[in-house]
Amino acid sequence: MARHPDRERAAMVERLRARGITDERVLDAMRQVPRERFVPRAMARDAYEDAPLPIGLDQTISAPLIVAFSAAALQAGPGAHVLEIGTGSGYGAAVLARCHRSVVTIERHPTLADRARAALAATGCANVVVRTGDGALGAPDRAPFDGIVVTAMAEDEPPPALLEQLAPDAALVCPVGRRGQGTLLRYRGGRTEDLGGVAFVPLVTGS
């Protein structure tokens, strides 16, 4: 049976809306980004299921709901300069790129970083810079950021360097927990907000 990715994306967006995503810029970005271009070819037909999918090297592409929820939780405007920690497939960066002025994204695995660069270029995301390195260090040469999204789970708290690289009143959205289970937290202006339970791969720091 022939696939219709445009219809699948539209149906995914309606499911996201039904599950509480109300940020129209995020929904429009999710409608535009071809998620099938960011997953292994063998899994393309599962691209629009609301589930994480393996992308190799023990990493995953997050479920669409988590990508949308995290992007919306930043509450950053279209002119924002955003940092993402954990590029993975590049899909989350592509969504952020359609919501904001510019994105810096950091991936510790060179192979995944290269794949993400290729996928982002192929899908027209010219406002994303992909770096390879330790995401816990952030990108101090490009700070301050109007929002930071972390796509892997910190054990006790976000890396201090990331909080230091936030612009005043900007938000950092980061899962915190252990053994893959925890809570998605938003840090802004010295306050911490609990956004709900989540499952993520661990945040690996250092070389």
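A quick note: this is a predicted structure, and the numbers were derived from the prediction, not measured.
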Ignoring hydrogens and angles, tell me if any N or O in the side chain of Arg117 forms a donor-acceptor pair with the backbone of Val130 under 3.5 Å. yes
Sidechain-backbone polar pair: Thr123 side chain, Leu120 backbone, donor-acceptor under 3.5 Å: yes
State whether a side-chain donor-acceptor pair under 3.5 Å links Arg9 with Tyr48. yes
The complete set of salt bridge (Lys or Arg N to Asp or Glu O under 4.0 Å) pairs with one or both residues in residues 148-168, sequence neighbours excluded, reads Glu155-Arg178, Asp156-Arg178
Would a 4.5 Å heavy-atom cut-off, applied to side chains only, mark Tyr91 and Leu53 as touching? no
Thr151 side chain vs Gly86 backbone, donor-acceptor pair below 3.5 Å: yes
For the side chain of His81 and the backbone of Val103, is there at least one donor-acceptor N/O pair under 3.5 Å apart? no
Distance-minimising heavy-atom pair for Leu27 and Ile21: CD1-O, 3.5 Å
Do Ile85 and Leu83 have side chains that approach each other closer than 4.5 Å (heavy atoms only, starting at C-beta)? yes
Going by the rule side chain to side chain donor-acceptor pair (under 3.5 Å), which residues pair with Gln75 if we only count those two or more places apart in sequence or in a different chain? Arg188
Check for a donor-acceptor pair, side chain of Gln165 on one end and backbone N or O of Ala139 on the other, with a separation under 3.5 Å. yes
Are Val67 and Leu195 grouped together when hydrophobic residues (ILVMFWY) are joined by side-chain heavy atoms under 4.5 angstrom apart? yes
Has the side chain of Asp50 got a donor or acceptor atom that lies under 3.5 Å from a matching backbone atom of Leu65? yes
Sort and list the pairs that fulfil salt bridge (Lys or Arg N to Asp or Glu O under 4.0 Å) and have at least one residue in residues 135-149, not counting sequence neighbours. Arg131-Asp141
Side chains of Phe200 and Thr60, heavy atoms from C-beta outward: is any pair under 4.5 Å? no
Would a 4.5 Å heavy-atom cut-off, applied to side chains only, mark Phe69 and Val198 as touching? no
Side-chain contact test, heavy atoms from C-beta onward, threshold under 4.5 Å: evaluate it for Val128 versus Thr105 and give yes or no. yes
Is it the case that the side chain of Arg186 and the backbone of Glu193 share a donor-acceptor pair, with hydrogens and angles ignored and the cut-off at 3.5 Å? no
Do the non-hydrogen side-chain atoms of Leu162 and Tyr187 ever get within less than 4.5 Å of each other? no
